[in-house]
Amino acid sequence: MKGFEKYRKMYFMPPTDCYDWARKDSADKAPIWCSVDLRDGNQALIEPMSLEEKVKFYQMLVDIGFKHIEVGFPAASETEYQFLRTIIERNMIPEDVTVQVLTQAREHIIKRTFEAIDGAPNVIVHVYNSTSVAQREQVFKKSKEEIKKIAVDGAKLVYELSKNEKGNISFEYSPESFTGTEMEYALEVCNAVLDVWQPVPERKAIINLPSTVEYSMPHVFASQIEYFHKNLKYRDSVLISLHPHNDRGCGISDAELGLLAGADRIEGTLFGNGERTGNVDIVTLAMNMYSLGVDPELNFHNMKEIRRTYEELTNMQVSMRQPYAGDLVFTAFSGSHQDAISKGMSCHDSGCDPYWTVPYLPIDPKDVGRTYDSDVIRINSQSGKGGVSYVLKQAYGISLPDKMKEEFGYLVKDVSDKEHRELEPERIYDIFKETYRDVDCAFHISECHFRQHNGMEASITISCGDETKIVTAYGNGRLDAVSNALKQNFNITYELSEYTEHALSRGSSSKALAYVGITAHDTLIWGVGMDEDIIKASINALTAAINRAGIRSLDRAIAKPHYAKPRTQM
C-alpha cells in the first residue's frame with residue numbers, strides 16, 4: 001500500500017528494561033473502575049445527551065457498580081455544569097461513590113470547576129495538560145520546563161482551593177498524550193505534581209496515564225506502565241490509572257497488560273464509546289476477567305437491559321459481534337460448532353465438570369441474561385444435525401433418535417437454503433410436524449384392543465374415507481401385532497426397524513412422543529406419534545411411517561378394500 005514511507009514510530013521506550021509483566025498470566029483482582037461515559041463518551045456523540053438523559057445514564061452506572069464516575073467537564077458548558085449540580089442537589093451520590101470532574105490546568109477553568117463541586121460528598125478533581133513532543137512543539141510552542149510549570153501551577157491551585165471544600169476531595173493528574181511523551185520527561189512532570197500534593201496512603205493521589213492516541217503495540221505500552229510503577233515517587237500513596245484509547249484496536253490488550261505491569265485503576269466506557277475509535281471497553285475488560293474466574297466487581301448480569309439503555313440514550317448501536325453483548329456473540333450457525341456446543345451442554349448439565357468448559361462458549365450465556373434456546377444455536381443453511389436437534393429439544397422438549405437426526409438436519413438445511421433465511425424454532429417445529437407427524441394418510445387406525453393370547457393379539461379398526469374394517473393379528477408385542485395386522489391385510493412388506501419414546505419435557509407433561517422407523521425398499525422411513533397414551537402414540541407413529549413410505553402394494557390394497565361392518569370389541 002503506497003504512502004507508508006511518511007510514517008515512523010511515534011512512541012518512546014522506557015530507558016531501562018521493564019518486562020516483569022510478561023511473566024504474569026492474568027490479573028488476580030479487579031482494578032478500580034472509572035466510567036468516563038458522561039464526559040469522554042458523551043463529548044463524542046453527534047448529539048450529546050440532555051441533562052435528564054445524563055441523569056438516567058449516571059444512575060445506570062451506579063446500579064452496575066461503578067465507584068468512580070467521571071460526570072463531565074463542568075466548566076465546558078452550562079449543561080455539564082447543571083448536570084453535576086443536579087445529582088448533588090438530588091442527593092444522587094451514594095456514600096461509596098466518588099464523582100470525578102475534569103479540568104484543564106488553567107486558573108479560570110479550575111475555579112469554575114470548584115464552584116460546580118460545592119456540596120458533593122466525594123470528588124476527584126482531575127487536572128491535565130498535554131506533554132507530548134508534538135503538542136509541545138506544534139501546538140503550545142513551549143519548552144519542557146514551561147509545560148511542566150503549567151502542570152505544577154495547576155496542581156498548586158487545585159490543592160489550595162480544596163482547603164475550602166467540606167467534601168472529601170481527591171486529586172488526579174494526567175499528562176495528556178502520555179504515549180507521545182518521552183518516558184523520563186513524563187515521569188519528571190508527574191513526580192513534580194506529586195511533590196505539590198504530598199500524597200499519603202490514607203489519602204492517595206491518582207496519576208492517570210492516557211494513551212490519548214494509541215501509537216504502539218501493547219507490549220510497549222505495558223513496559224511504559226511498568227517503568228512508572230517502578231520509578232514513580234510516593235508509589236504506596238499513588239493509584240496508577242490507565243485511560244486507553246483504541247486507535248490501533250488494541251485498547252483491551254493495552255489495559256490488560258497495563259494491569260499486569262502495575263496499574264491499579266482503569267478509565268473507560270461502556271462498549272468502547274469515545275472519540276475517534278473510542279475508549280477501552282470496560283464491559284469487555286470486566287467480562288474477560290469474569291471468564292478467568294476473577295470477580296470484576298461490576299454487575300453485567302442484565303446485559304440486554306444495559307445495552308438497550310445505552311443505545312436509547314446515546315443513539316449508538318452495539319455491534320452484533322461486540323464481545324459478550326452483541327446479538328450474535330453466543331450464536332453458532334456452523335454445523336460442527338453446533339454439534340460440539342450441544343454435546344458440551346449435555347456434559348455440563350450432567351454435572352460431569354464443576355467448571356464451565358463448553359466448546360466455543362467462553363462464558364455461560366445465562367450469566368449475562370441470554371438464553372440457550374434463542375441465543376446460542378440458530379439454524380440456517382450452514383447448520384447441522386446437532387444444532388437442529390438441539391433447538392427442538394430446548395424449545396419443545398423433543399429428543400430426536402440419533403438415527404433420525406441426520407435426515408431431519410438435512411431436511412431443515414434444505415428448507416433454509418431454498419428460502420434464503422434463518423429458520424426460527426417455530427418454523428423448525430412446523431417442518432418436523434408436517435414431515436413426520438401430521439402426514440397425509442391413506443388410512444388411519446381409529447381403535448385398537450389387545451389381549452394376551454399366543455403372544456399378543458391385536459384387534460384394530462382401520463378407517464379409510466367412509467369405510468371401516470376390523471382386522472386381527474398376532475405379534476410379540478402390541479406394536480408388532482398391529483404391524484403384522486397391517487402387513488397381512490394389505491399384503492405390504494416392510495421391516496419394523498426402530499422404536500423409541502419419551503415424555504415431552506416442555507409443555508404438557510402428560511404427552512408422550514413415539515418414534516417408529518420402518519425399512520422399506522432398503523430405506524429407513526420415520527414416523528412420529530404424540531398422545532397422552534403411549535400405545536396410541538406408538539400406533540400413530542407406525543401409521544405415519546407407513547403412509548410416508550408410499551408403498552405401492554398398500555396403495556393398491558387401499559384402492560380396492562374389502563371392508564366389513566365394525567363389530568363390538570371385547
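One is the number of the first residue; the rest follow in order along the sequence.
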Under 3.5 Å, is there a donor-acceptor pair between the side chain of [X] and the main chain of [Y]?
X: D247; Y: E214; value: yes
X: N547; Y: T543; value: yes
X: R321; Y: V329; value: no
X: S416; Y: R421; value: yes
X: N484; Y: D480; value: yes
X: S350; Y: C347; value: yes
X: S483; Y: A481; value: no

A quick test of your reading: do over 12 heavy atoms of other residues, nucleotides or ligands sit less than 6.0 Å from [atom1] of [X]?
X: E426; atom1: CD; answer: yes
X: M92; atom1: CE; answer: yes
X: K304; atom1: NZ; answer: yes
X: K536; atom1: NZ; answer: no
X: K24; atom1: NZ; answer: yes

As a quick check of understanding, evaluate side chain to side chain contact (heavy atoms under 4.5 Å, CB included) for I470 and I460, giving each step before the final call.
CA-CA 6 Å; I470 299 173; I460 65 173; over 6 Å; no
Flag the pair [X] and [Y] as a salt bridge only when some basic side-chain nitrogen lies within less than 4.0 angstrom of an acidic carboxylate oxygen.
X: K511; Y: E532; result: no
X: E312; Y: K56; result: yes
X: K433; Y: D430; result: yes
X: K67; Y: E297; result: no
X: D339; Y: K343; result: yes
X: D327; Y: R307; result: yes
X: E267; Y: R265; result: yes
X: R308; Y: E305; result: yes
X: K54; Y: E70; result: no

Mind checking the [atom1]-[atom2] spacing from [X] to [Y]? Nearest 0.5 Å is all I need.
X: C448; Y: I539; atom1: SG; atom2: CD1; value: 4.0 Å
X: M530; Y: D438; atom1: CE; atom2: CG; value: 8.0 Å
X: E424; Y: I379; atom1: CD; atom2: CD1; value: 10.5 Å
X: T269; Y: R39; atom1: OG1; atom2: CZ; value: 10.5 Å
X: L411; Y: M404; atom1: CG; atom2: CE; value: 9.5 Å
X: I535; Y: N540; atom1: CD1; atom2: CG; value: 11.5 Å

Per-pair distances, 0.1 Å, donor-acceptor, side chain in residues 248-259, under 3.5 Å, sequence neighbours excluded:
residue, atom, partner, partner atom, Å
R248, NE, S216, O, 3.1
E256, OE2, N288, ND2, 2.9

Once the angle between the rings of [X] and [Y] is folded into 0 to 90°, is it parallel (under 30°), tilted (30 to 60°) or perpendicular (over 60°)?
X: H301; Y: Y290; value: perpendicular
X: F57; Y: Y310; value: perpendicular
X: Y436; Y: F432; value: tilted

Looking only at heavy atoms, what is the nearest atom pair of [X] and [Y], with distance?
X: A27; Y: V294; result: O-CG2, 3.5 Å
X: K29; Y: M289; result: O-CE, 3.8 Å
X: S538; Y: Y499; result: OG-OH, 2.6 Å
X: S26; Y: L292; result: CB-CD1, 3.9 Å
X: A44; Y: G274; result: CB-C, 3.4 Å
X: I266; Y: P31; result: CG1-CG, 3.9 Å

Step by step, work out the side chain to side chain contact (heavy atoms under 4.5 Å, CB included) result for F408 and S389.
CA-CA 8 Å; F408 187 57; S389 60; over 6 Å; no
Verify the distance criterion only: is there a donor paired with an acceptor across the side chains of [X] and [Y] at less than 3.5 Å?
X: Y494; Y: T519; result: no
X: D281; Y: Q322; result: yes
X: H449; Y: E447; result: yes
X: E311; Y: N315; result: no

Does the ring centre of H68 sit less than 6.0 Å away from the ring centre of W33?
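No, the ring centres sit 6.0 Å or more apart.
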Centre-to-centre under 6.0 Å for Y515 and H502, is that the case here?
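Centroid distance Y515-H502: below 6.0 Å, so yes.
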With N279 as reference, evaluate D37, N246, N273, D40 under the side chain to side chain donor-acceptor pair (under 3.5 Å) test and give the passing residue.
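One option only clears the test, and that one is D40.
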Go through W526 and V516 one step at a time and tell me if the side chain to side chain contact (heavy atoms under 4.5 Å, CB included) criterion holds.
CA-CA 6 Å; W526 289 95; V516 170; 5.9 Å; no
Does R478 qualify as a cation-pi partner of F450, given the criterion of NZ or CZ under 6.0 Å from the six-membered ring centre and within 45 degrees of its axis?
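Pair R478/F450 counts as cation-pi.
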Please step through side chain to side chain contact (heavy atoms under 4.5 Å, CB included) for the pair Y474 and M456, ending with a clear verdict.
CA-CA 6 Å; Y474 297 87; M456 182 62 66; over 6 Å; no
